[in-house]
Every structure is written in structure tokens, then in C-alpha cells.
Amino acid sequence: MTWIDPGSWLGLESSPYYKCLVWRDFAIDATYRPREVEPRWQARWQDAGIGEVDLGAAKRPYYNLMMFPYPSAEGLHVGNVFAFTGADIHGRLRAMQGYDVFEPIGFDAFGIHSENTAIKQGIHPKALVAANTQNFRRQLRRMGGRFSWSHTLDSTDPAYYRWTQWIFLKLFEAGLAYRKQAPVNWCPSCRTVLADEQVISGHCERCDSVVEQRNLEQWFFRITAYADRLLDHLPDLDWSELIKTAQANWIGRSTGASLTFSLIAPASGEIEVFTTRPDTLYGATFLALAPSHPLAAAIPTAEFRPKVAAYIEQAAKADPAEIGTERAKTGVLTGAFARHPLTKEALPILVADYVLAGYGSGAVMGVPGHDQRDFDFAQALGLNIQRVVAASADDIGPLHEAFTDESGVLVNSGPYDGLSVAAAKAAITARAEHDGFGAAKTTLHLRDWLISRQRYWGPPIPVVYCDACGTVGVPEEELPVLLPETEDYVPQGTGASPLASIPGFVNTACPRCHGPARRETDVSDNFLCSSWYFLRYPSHPEVTDRPYDPELIDKWLPVDSYIGGREHAVLHLLYTRFICMALFDLGLLPFEEPFRRFRAHGTITFQGGKMSKSRGNVVTPDDLFDRYGADTTRLYLMFLGPYQEGGDYSERNIEGIWRFLQRVHRLVKDAKSPPKTCASAHLADLHRVVKRVTEDLEALKYNTAIAGLMEYNNLLRQRTDPVSHQELATFTLLLAPLAPHLAEELWQALGGAFSVHSQPFPSYDPSLLIEDTATVVVQVDGRVRARLTVSAGTAEAEVRRQALALDSVQRHLDGAEVERLVFVPDRLVNIVRKI
RNA sequence: GCCGAAGUGGCGGAACGGCAGACGCGCCGCACUCAAAAUGCGGUGGGCAUUGCCCGUGUGGGUUCGAAUCCCACCUUCGGCACCA
């Protein structure tokens with residue numbers, strides 16, 4: 001029996017376990033049998049509470065979050081395993097680095113997706129969710145995640161959605177939740193309205209049906225009030241750039257001016273337009289109104305009225321599939337005119353469906369010279385095209401397309417001729433303000449978040465309508481408003497939720513006057529459930545009288561690391577930021593931004609396409625777990641490509657990982673009475689792999705971390721010197737975050753105390769990485785011609801002497817003189833010939 | 001159209017101003033075996049060839065002693081947004 005030295009250089013001196021490491025006869029299976037090993041360690045970890053953390057007592061809290069999964073009927077697919085494994089590796093690394101890692105998981109089980117599946121299968125969503133959740137738990141355990149199982153959440157639990165409703169109430173009380181009649185997106189298949197963010201190119205995010213526009217009264221959250229903050233914080237967030245860009249584009253803040261045009265008699269009134277190019281005001285040759293603009297039907301002269309009415313009617317029932325796509329420009333004259341505020345010219349007013357009702361004021365000033373849409377429209381209808389910006393003052397030729405370059409100068413613009421575009425924007429806006437026909441204005445692409453859904457499977461919106469008192473929030477102490485049990489949960493398409501046909505639910509007493517009242521029957525958007533779940537995790541399930549415990553919030557939040565899919569860039573990730581800002585403003589949270597760091601993982605495709613049930617190409621991990629075990633599956637998915645880029649799933653490479661893990665197993669199994677410590681000749685190799693793996697794991701470069709371990713394994717296997725216990729132990733520790741089960745098995749075989757996952761992660765000594773010899777590449781005119789082995793730090797003069805003495809160098813020098821010599825110490829000399 | 005990411009062997013990918021193709025898959029050869037599988041060892045970008053040489057990182061230019069890497073233009077693929085004035 002041999003005691004192992006603490007090995008201070010490995011950073012293990014602080015470990016209470018390392019000192020106990022003893023050499024002993026191996027207790028390890030002759031062959032690598034993950035199917036036996038993995039369940040054994042999973043059970044042991046659970047018994048020992050590996051993954052659980054004392055949230056109150058933790059000294060170095062580290063909140064490692066992964067996205068709240070929806071427990072689908074198909075079960076976990078390899079895309080989920082890919083996502084969670086990457087996050088789990090990060091959590092395991094941080095835990096070994098001495099952090100108290102909190103890595104919760106839960107189930108986002110409300111929502112249209114669950115409900116649609118339930119309807120299709122004829123199973124009540126509650127029963128379906130219970131079965132799916134069980135299956136997910138089983139699969140997540142099999143995956144070997146380091147989850148804090150004691151804090152698992154289910155968003156359909158009344159103890160959870162009670163607080164989802166509470167958040168709605170808080171926003172309602174603050175005036176951030178309001179009800180209005182508006183044109184909204186209606187999915188005819190899901191029979192509910194959808195938020196703008198849930199409409200993908202005119203199609204329903206969940207079922208891909210073409211979305212229609214309906215004018216309905218709905219609940220909204222005033223997210224637009226937070227647009228500036230949501231946008232302005234972005235540069236400072238440590239988030240994947242692509243997510244930040246997507247959010248900035250979605251918020252779509254654009255600055256310009258609001259300008260007012262007076263109508264010319266016999267019409268009367270004003271038309272307000274928004275433009276980002278007030279500098280082109282002199283180029284305005286017409287005004288165009290959206291078909292649903294209030295004045296569109298009101299101003300046409302008798303002569304034009306029938307045509308306009310027909311156009312408006314046709315626009316209203318336009319093919320829904322074409323909504324949101326670019327079409328040939330059409331429009332009709334109204335016969336009415338507006339006065340240009342500066343030139344006083346009469347501008348014709350038209351109705352055109354390329355003008356969007358929902359953006360700006362629903363009307364535009366047509367500047368065909370400098371806006372391509374206006375140009376196309378003007379050409380189609382034979383309207384005047386006027387140039388007011390040019391590359392230079394004498395560039396005044398006819399336009400064949402809109403000139404949109406903003407680096408030009410103003411022409412044909414009266415007193416503003418010669419000004420730059422930027423200067424003219426300011427000058428004309430100032431003029432508009434001075435003369436009273438306009439002002440600087442900012443508009444947004446972002447709309448308020450439509451929160452109500454005419455569905456069954458969600459948290460009822462906690463509001464009551466009373467004839468005497470109006471719209472009244474359900475008092476906090478009466479929450480939750482329980483989702484009633486019913487078998488009639490299929491939406492009828494009437495525009496009302498299935499809850500509306502349950503009299504016992506609808507009819508209630510007004511909380512204020514106790515008179516008869518009706519409940520709101522819509523439920524809230526599923527994204528509200530997932531906008532705050534990470535606030536609840538630390539407090540669940542002990543805290544029952546509040547959504548979350550302020551002390552735990554202070555200690556554990558904001559989230560240290562959040563890893564998830566990029567598809568939520570403008571959905572979950574934007575909504576959540578908004579909810580946190582609103583709660584912050586209400587004094588209910590001590591921070592505005594919930595996630596310190598967010599990294600978007602890549603997408604796993606299959607045969608080049610998205611993995612989806614409708615394509616019938618969902619790959620479940622159970623088969624891989626059965627055949628190869630969780631560790632092989634984890635490594636295989638991580639080895640597919642860079643974690644933040646994803647890759648195409650194909651089982652081609654899995655055998656390589658399987659063989660690698662078997663070789664690792666064999667390396668430890670076959671070690672016979674190894675020396676305690678690493679021979680000095682091999683220390684640099686050992687420290688190099690520690691450095692490489694550490695850096696790659698930190699950077700989520702799991703594919704190259706695995707490659708580094710493979711290389712080191714090959715090195716050890718092929719070495720003729722015996723492999724020391726220290727090298728085997730270090731290798732095992734480096735492997736632990738990636739292949740937790742095998743690492744535990746090997747660690748035990750090496751005599752380590754349970755658990756490998758409680759050990760400090762190895763550190764390295766940079767001074768040991770310095771080699772005493774260096775290979776210097778010798779180039780002639782930039783081409784490699786030879787290599788020199790020199791002692792490290794050899795001076796330029798000596799390297800030059802040796803290099804020039806080489807036959808191959810002389811041959812390529814071919815008698816020419818040396819013009820210059822580039823020298824990079826210990827790496828390269830480049831001899832440049834004089835020609 | 002706009003925004004973003006990416007184009008490297010037969011394949012997944014590595015290197016991200018300094019030896020292109022790490023690592024793995026596949027393939028070829030060898031060993032072990034009666035044989036096969038498994039395992040181990042060796043080879044594997046293309047071309048020419050006797051040491052060696054030439055070509056090669058989507059295309060075309062540029063910067064540099066030196067470019068897969070930086071800059072400009074273009075092409076292609078994937079993802080997101082899309083008549084947002």
C-alpha cells in the first residue's frame with residue numbers, strides 16, 4: 001500500500017480526499033460495461049446528494065441554468081441532450097473548480113404544444129403531461145446530468161402558477177397589463193391569438209398554419225414602454241452576439257420625424273406621417289394611406305369613392321398567405337390633396353396596401369426618388385419622381401431606381417441645397433418644430449406583448465369583470481385561480497376559451513363589491529410561465545407564501561451562466577428581460593438583467609434539416625443510451641462540432657468515441673503497480689494537457705477538449721515508460737465533467753474517495769510548460785525548407801548561422817544574397833533573398 | 001432586400017498572422033485468428049518524382065518577409081427578419 005503525495009502542483013493540496021488516496025488492487029471490470037456502471041453511479045450520486053447544494057449556506061454560489069424544457073410526448077431528443085450536456089459539463093467544471101453549483105431542471109408543461117398533442121391523442125393534457133414528465137425525468141437521469149433534483153419545478157402545478165398569476169396582477173396593478181381592441185394574429189388551427197413573436201413569416205410558430213388578422217379585444221403587456229432600456233442594455237450584456245443582434249433588430253428602434261400635412265378643401269383635417277428621412281421632404285410627391293387608415297374611407301371625392309371603397313374591401317380580405325410578403329405595388333387615388341408644408345404644392349393622396357397600418361401612423365409621405373418602395377409605387381401609378389439628394393451637386397440625371405445613399409448632398413430643396421443628409425435631417429426637423437408641422441420622433445418594430453390565449457391549458461388570467469366595479473384583479477390572497485377540471489378542453493374556434501363554457505368557473509362574485517361578476521376566461525401565454533421560473537428554482541419547494549425568497553435571490557441571482565437555444569432570441573429571452581425590469585421597477589427584484597452570461601448553443605440537425613416530429617426524423621437518445629451508454633452519447637454529441645455551432649447528427653462517428661472510452665478504461669485497468677508520481681521527463685506533457693483541457697472547457701470548446709484528451713490518451717498508451725498513478729488520476733479528473741460515470745469508475749479504481757465530482761479540478765504550472773528545446777522552422781522566401789532543433793531561447797545570430805549552414809537552405813538560396821532575415825524566437829526564421 | 005454565421009481532404013472537423021488538415025470517422029496494408037469480429041501496429045490532400053519538387057483552405061484582388069487566418073469586391077450555403085417608411 002502506497003500513499004500518494006498531495007501533488008501541490010496539481011492544485012490538489014486543498015482536497016480533503018486527495019490525501020486519502022491510496023494505491024490498492026484495482027476493483028474494476030475487465031471490460032467497459034456502461035450499462036452496468038452508469039445506473040450504479042447514478043444511484044450512488046442520488047443517495048449522496050451529488051448535485052444538491054445547501055442554498056442558504058453556500059459560500060461560492062454559481063447558478064448554472066439551462067432552458068426550461070417542454071416535456072414533449074416524444075420524450076427528450078438528441079437536440080435536448082446536446083443542449084443539456086453542454087450546460088452540464090460547464091456546471092461540473094465549475095463545481096470541481098470550487099463553486100457551489102446550483103443546476104436545476106424543471107418542466108415547462110403548460111402551453112399550446114402540450115395541449116395540441118393532448119387533443120390529437122385524445123388524452124387529457126393533465127394526464128399527458130404527467131406521463132411525459134415522468135419520461136423526461138427518467139431520460140434526464142440516464143443522461144447523467146448533475147441536476148439539483150430537489151428543486152424541480154412544474155409550471156402546471158398550482159403552487160407554481162399561483163405566482164405566474166401574481167406576476168400578472170403586479171403588472172396589472174402597475175398599469176403594465178391592459179386590455180384593448182386591436183388587429184391581432186389569429187391561428188385558425190390552434191384557435192387562439194398569438195403574439196407577434198410567435199408568428200414566423202406569417203405562420204404559427206407551433207403548428208405552421210397561416211395566421212389571420214382579427215380585430216379582437218385582448219390583454220397586452222406594455223413591453224414597448226421598456227424598449228429603450230431593453231435596447232440600451234444590450235451592449236453591456238455578456239451574451240452571444242447573435243442574440244443581441246436579433247433583439248436589437250426585433251426592437252427595431254428607428255429615429256426620424258413625425259410630419260403633419262394639412263388637407264386641401266373640400267377635404268379637411270390633417271394626415272400625420274412618420275419618416276426616417278425628413279431631409280427628403282422636398283422630394284415628397286404624394287401621400288399614401290394604409291387601407292384601414294381612418295381617413296382612407298373618409299376623404300375620397302365622390303368621383304373616386306367607389307373605387308377606393310372597393311380597394312379597401314379587397315385589401316381587407318387579401319389572401320392571408322400573402323400578408324407579410326412583398327407584392328407588386330397597387331393603390332388608388334382618392335381625389336383628395338394635401339398641402340406640402342414647405343413648397344405649398346398640392347400632393348395627391350392615395351390608398352395603398354404597401355403601407356402598413358400598424359407601423360408609425362399608418363400613413364407615409366411618398367418620396368419616390370429616395371425610397372425604393374415609393375419608387376416602385378410611383379412608377380406603377382405614373383406619379384411624379386423628384387430627386388432631392390445626389391452624390392454631388394451636379395449629379396442630377398434621371399433616376400432609374402431610388403437613390404438611398406445617405407452620403408450625398410441635398411438638391412432641389414430650396415434653402416437646404418448643398419447640405420449633407422445628416423445636416424438636412426436636423427435642419428428640416430427643426431424647421432418642422434418651429435413652424436409647427438412636425439417633431440422628431442422614434443418608432444419601434446416591437447409591439448406590446450399579446451398575453452391572452454383562448455385556450456384551456458394555461459394559467460387563467462386572474463381578472464374579474466363586474467358591471468359595477470369594472471375590471472378587477474383577483475386579490476392576491478385568493479390566488480391561485482385554479483384551472484377547472486373539464487373534459488371539454490378543445491377550443492371551439494368561437495374566439496372564446498373553453499373556460500367560457502364552464503359556468504361554475506365564469507360566474508363568480510366581484511372581489512370588491514361582492515355582486516355578481518364574470519371571470520376572465522382566457523389563459524396567459526406560455527411564455528409568461530417561463531419568464532420567471534429561474535427566480536423560483538432556489539425557493540422551490542420550501543417557500544410557499546411568496547414567489548421567491550429575497551435572500552436567496554440576493555445570493556443566487558442574476559444567473560451566472562445560462563445556456564440555451566437561439567430560437568428564443570426574441571421570445572423567451574426578450575420577455576424575461578422585460579419581466580425582470582418590470583419587477584425591478586416595482587421593487588420586487590434587486591436587478592434588471594436576469595442573466596449575467598448567456599451562450600447560445602448550436603442546433604443539431606438531421607440529414608441537413610431541422611429535427612421535428614412532423615418530418616418524422618426525431619432521434620431519441622434512449623437507443624444510444626442502450627447501446628453505448630450516457631458517457632459515449634455525451635462525448636459523441638460534444639465531438640460532433642463546436643458546441644456553439646451544432647452539427648448534423650449522424651452515427652458515423654460514435655464508434656470512435658466508444659473506442660476512445662474503452663481505451664481509457666483499459667489504460668487504467670492494465671496499469672500494474674504504477675509509480676506514484678509522474679517522471680520529470682513527462683511533466684510538461686501532463687501540464688500541457690491540463691492547460692489545454694481547462695481552457696477548452698472554459699470556452700465551451702468541448703470538441704477540442706475531447707481531442708486533447710484523446711491525444712494525451714494516445715501518448716500514454718504508446719509510451720514505453722510506465723504511466724504513473726498521478727498521470728492516470730489527473731486524466732480521470734480532466735475527463736470527469738465530460739464522462740462523469742466512467743470518470744467515477746476509474747477514480748474509484750485508482751483508490752480515490754467518492755466522489756470524483758467533489759475533487760478539485762487539476763491546475764497547471766505554466767513554468768513547467770517551457771520546453772528546453774525548440775523546433776525552428778527555416779523558410780526561404782516564405783517557404784519551409786528545413787527544420788532546426790535548438791535549445792530554447794537560442795539567439796538570432798546563432799539560429800541564423802545554423803540555418804545558413806544547411807544544405808537545403810544553400811540550395812534554395814541559389815547564390816543570392818540575403819536581403820533580410822525574419823526571426824521569431826523558438827519558432828521560425830525566414831530568409832528573404834535579394835533579387 | 002436587410003442582419004447574422006459559415007465555406008478547409010472521401011466525411012465531421014482542427015489551426016484563426018508563422019510547419020494547413022490536430023482529433024475522430026472511413027479507407028488501405030500488416031499482426032493476432034482455422035476464419036471472422038474485436039483489438040493492436042503502420043499508412044492515408046492532389047500531382048510529379050531517384051534525394052526531392054510543384055499545387056492546394058469558395059472566387060478575384062490587396063496588405064505582409066509570411067495569409068485558411070487581416071482588408072476590399074464577389075459567389076454559394078445555412079439561420080433570422082422581411083413592404084417597418
Side-chain angles (χ1 to χ4, degrees), chain A residues 31 200-202 240-246 248-250 252-254 256 273-277 280 288 290 323-329 352-356 358-367 370-374 376-377 443-447 566-567 569-570 602-603 605 608-610 635-636 639-642 644-657 659-660 662-663 666 701 703-714 717-718 775-787 807-808 811-812 819-824 827-833:
Chain A
T31 55
I200 313 295
S201 301
S240 297
E241 284 302 320
L242 83 157
I243 303 292
K244 297 206 281 186
T245 309
N249 289 344
W250 185 260
R253 183 166 66 190
S254 55
V273 303
F274 172 73
T275 178
T276 56
R277 297 292 305 276
T280 63
I323 290 171
T325 64
E326 228 166 300
R327 288 163 291 168
K329 302 278 182 291
D353 68 0
Y354 82 93
V355 181
L356 300 179
Y359 186 76
S361 57
V364 299
M365 65 176 194
V367 186
H370 306 285
D371 181 288
Q372 192 58 43
R373 295 155 302 185
D374 294 344
D376 295 342
F377 184 68
T443 59
L444 299 170
H445 174 228
L446 182 72
R447 312 289 162 83
R566 55 193 63 181
E567 66 274 16
V570 297
T603 312
T605 56
K610 257 185 192 157
L635 259 69
Y636 157 66
F639 198 59
L640 217 54
Q644 296 185 61
E645 286 169 36
D648 196 54
Y649 175 85
S650 136
E651 285 184 28
R652 259 183 99 161
N653 289 302
I654 199 164
E655 287 291 339
I657 295 290
R659 288 201 280 254
F660 165 61
Q662 281 186 312
R663 284 196 277 257
R666 204 177 311 133
K701 288 158 80 177
N703 55 335
T704 51
I706 293 165
L709 287 171
M710 285 174 167
E711 272 179 64
Y712 190 62
N713 178 51
N714 291 342
R717 283 189 318 126
Q718 284 158 14
T775 302
V776 174
V777 171
V778 181
Q779 296 180 335
V780 177
D781 287 339
R783 290 171 170 270
V784 179
R785 297 303 180 187
R787 288 175 185 85
D807 283 349
S808 53
R811 192 156 15 92
H812 286 100
E819 182 174 280
R820 66 183 280 203
L821 185 140
V822 181
F823 178 68
V824 183
R827 300 202 65 162
L828 170 138
V829 276
N830 187 13
I831 300 160
V832 185
R833 299 190 309 160

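In what follows, chains are A, B, ... by sequence order, proteins preceding strands, each numbered from 1.
If you check every strand for non-hydrogen atoms under 4.0 Å, A/Val355 touches a base. Among the atoms of the strands shown, none is found under 4.0 Å from any heavy atom of A/Glu651. If you check every strand for non-hydrogen atoms under 4.0 Å, A/Ser254 touches sugar and phosphate atoms only.
Checking B/rC81, B/rA14, B/rG40 against the side-chain heavy atoms of A/Arg666 singles out B/rG40 as nearest. Side-chain proximity of A/Arg717 to the nucleotides B/rA14, B/rA82, B/rC41 is greatest for B/rC41. Between B/rC19, B/rG40, B/rC83, one nucleotide has an atom nearer to the side chain of A/Asp353 than all others, and that is B/rC83. Side-chain proximity of A/Tyr354 to B/rC81, B/rC83, B/rC19: nearest is B/rC83.
Across A/His812 and A/Arg833, no two heavy atoms sit closer than the pair O-NH1, 3.4 Å. For the residue pair A/Ser254 and A/Phe274, the shortest heavy atom distance occurs at O-CZ, 3.7 Å. The nearest pair of heavy atoms linking A/Val829 to A/Leu821 is CG1-CD2, 4.1 Å. Scanning both residues, A/Val355 and A/Ala288, for their nearest heavy atoms gives CG2-CB, 3.7 Å.
The C1' atoms of B/rG58 and B/rG7 are separated by 6 Å, rounded to the nearest whole Å. If you take atom C1' in B/rA22 and the same atom in B/rA38, they sit 27 Å apart, rounded to whole Å. Rounded to whole Å, the P atom of B/rG24 lies 27 Å from the corresponding atom of B/rU33. Across B/rU76 and B/rU44, the matching P atoms stand 37 Å from one another, rounded to whole Å. As rounded to the nearest Å, B/rC72 and B/rG21 have C1' atoms that lie 28 Å from one another. Only the C1' atoms considered, B/rC3 is 27 Å distant from B/rG62, to the nearest whole Å. Taking atom P on both nucleotides, B/rU57 is separated from B/rU8 by 11 Å, rounded to a whole Å. The gap from the P atom of B/rC28 to that of B/rG52 amounts to 30 Å, rounded to the nearest Å.
Atoms OH (A/Tyr712) and C1' (B/rA22) sit 18 Å apart, rounded to a whole Å. In this structure, the OH atom of A/Tyr636 is 13 Å from the P atom of B/rG12, given to the nearest Å. Rounded to an integer number of Å, the gap from CD of A/Gln372 to P of B/rC2 is 11 Å. A straight line from CG of A/Asp376 to P of B/rG1 spans 13 Å, rounded to a whole angstrom. Following rounding to the nearest Å, A/Asp648 (CG) and B/rU77 (P) show an atom-to-atom distance of 17 Å. One interatomic measurement links the two molecules: NZ of A/Lys701 to P of B/rA22, which rounds to 17 Å at whole-angstrom precision. Straight-line distance from the CZ atom of A/Arg253 to the P atom of B/rC81: 21 Å, rounded to whole Å.
Base orientation at B/rG61 is anti, since its O4'-C1' glycosidic dihedral falls outside 90° of 0.
Residues A/Arg785 and A/Val778 have side chains not in contact (no heavy-atom distance under 4.5 Å, counting atoms from C-beta outward). Looking only at side-chain heavy atoms (C-beta outward), A/Asp371 and A/Arg277 stay at 4.5 Å or farther from each other. Residues A/Phe660 and A/Tyr636 fail the side-chain proximity criterion, which asks for heavy atoms closer than 4.5 Å. The side-chain heavy atoms of A/Glu819 and A/Asp781, taken from C-beta on, include no pair separated by under 4.5 Å. Residues A/Thr280 and A/Met365 are in side-chain contact: their nearest non-hydrogen atoms beyond the backbone lie under 4.5 Å apart.
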Show me the protein contacts with nucleotides 23-26 of chain B, counting only N or O atoms at under 3.5 Å.
{"from": "B/rG24", "atom 1": "OP1", "to": "A/Asn714", "atom 2": "ND2", "distance (Å)": "3.0"}
{"from": "B/rG24", "atom 1": "N2", "to": "A/Asn653", "atom 2": "OD1", "distance (Å)": "3.4"}
{"from": "B/rC25", "atom 1": "OP1", "to": "A/Arg659", "atom 2": "NE", "distance (Å)": "3.1"}
{"from": "B/rC25", "atom 1": "OP1", "to": "A/Arg659", "atom 2": "NH2", "distance (Å)": "2.6"}
{"from": "B/rC25", "atom 1": "O4'", "to": "A/Asn653", "atom 2": "OD1", "distance (Å)": "3.0"}
{"from": "B/rC25", "atom 1": "O2'", "to": "A/Arg652", "atom 2": "O", "distance (Å)": "3.1"}
{"from": "B/rG26", "atom 1": "OP2", "to": "A/Arg659", "atom 2": "NH2", "distance (Å)": "2.9"}

Expected rows: protein N/O vs nucleotides 63-66 of chain B N/O, under 3.5 Å:
{"from": "B/rC65", "atom 1": "OP1", "to": "A/Arg820", "atom 2": "NH1", "distance (Å)": "3.0"}
{"from": "B/rC65", "atom 1": "O2'", "to": "A/Asn830", "atom 2": "ND2", "distance (Å)": "3.3"}
{"from": "B/rC65", "atom 1": "O2", "to": "A/Asn830", "atom 2": "ND2", "distance (Å)": "2.5"}

For nucleotides 3-7 of chain B, print each protein N/O atom paired with a nucleotide N/O atom at under 3.5 Å, atom names and distance only.
{"from": "B/rC3", "atom 1": "O2'", "to": "A/Asn249", "atom 2": "ND2", "distance (Å)": "3.4"}

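Position along RNA chain B of the nearest nucleotide to A/Arg787 versus A/Gly647 favours A/Gly647 as the more 5'-ward residue. RNA chain B is contacted by both A/Thr704 and A/Ala363; A/Thr704 maps to the nucleotide lying nearer its 5′ end (nearest heavy atom per residue).
Annotation: side chain to side chain contact (heavy atoms under 4.5 Å, CB included) contacts of A/Arg827 (sequence neighbours excluded): A/Val824. Evaluation of the salt bridge (Lys or Arg N to Asp or Glu O under 4.0 Å) rule for A/Lys244 yields A/Glu241 as partners, not counting sequence neighbours. Residues satisfying the side chain to side chain contact (heavy atoms under 4.5 Å, CB included) criterion with A/Glu567, sequence neighbours excluded, are absent altogether. Residues that satisfy the salt bridge (Lys or Arg N to Asp or Glu O under 4.0 Å) test with A/Glu645, not counting sequence neighbours, are absent from this structure. For A/Arg253, the salt bridge (Lys or Arg N to Asp or Glu O under 4.0 Å) criterion is met by A/Asp228, A/Asp232, not counting sequence neighbours. Not counting sequence neighbours, the partners of A/Ser240 by the side chain to side chain contact (heavy atoms under 4.5 Å, CB included) test are A/Leu242, A/Ile243, A/Arg599, A/Ala600, A/Gln644. Legend: residues meeting salt bridge (Lys or Arg N to Asp or Glu O under 4.0 Å) with A/Asp374, ordered by chain and number and at least two apart, are absent.
Between A/His445 and A/Trp250, the angle of the ring planes goes over 60°, which puts this pair in the perpendicular group of the 30/60° scheme.
When the side-chain nitrogen and oxygen atoms of A/Gln718 are compared with OP1 and OP2 of B/rC41, one or more of them lie within a distance under 4.0 Å. In this model, the phosphate group of B/rA14 is approached by a side-chain N or O of A/Asn703 to a distance below 4.0 Å at OP1 or OP2. Listed pair A/Tyr359 / B/rA85 meets the phosphate criterion, a side-chain N or O lying under 4.0 Å from OP1 or OP2.
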Using a 4.0 Å heavy-atom cut-off to protein, can you give one letter per nucleotide of nucleotides 48-58 of chain B, 5' to 3': B if the base is in contact, S if only the sugar-phosphate is, - if neither? ----SSSS---
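Cation-pi geometry between A/Lys329 and A/Tyr354 is met: the NZ or CZ atom falls under 6.0 Å from the ring centre, inside 45° of the normal.
With pairs defined as Watson-Crick or G-U wobble and both atom distances under 3.5 Å, the stems of at least three pairs that touch RNA chain B come out as B:1-7 with B:75-81, B:10-12 with B:23-25, B:26-31 with B:39-44, B:45-48 with B:52-55, B:58-62 with B:70-74.
Rounding to the nearest 0.5 Å places OG1 of A/Thr704 at 9.5 Å from CZ of A/Phe639.
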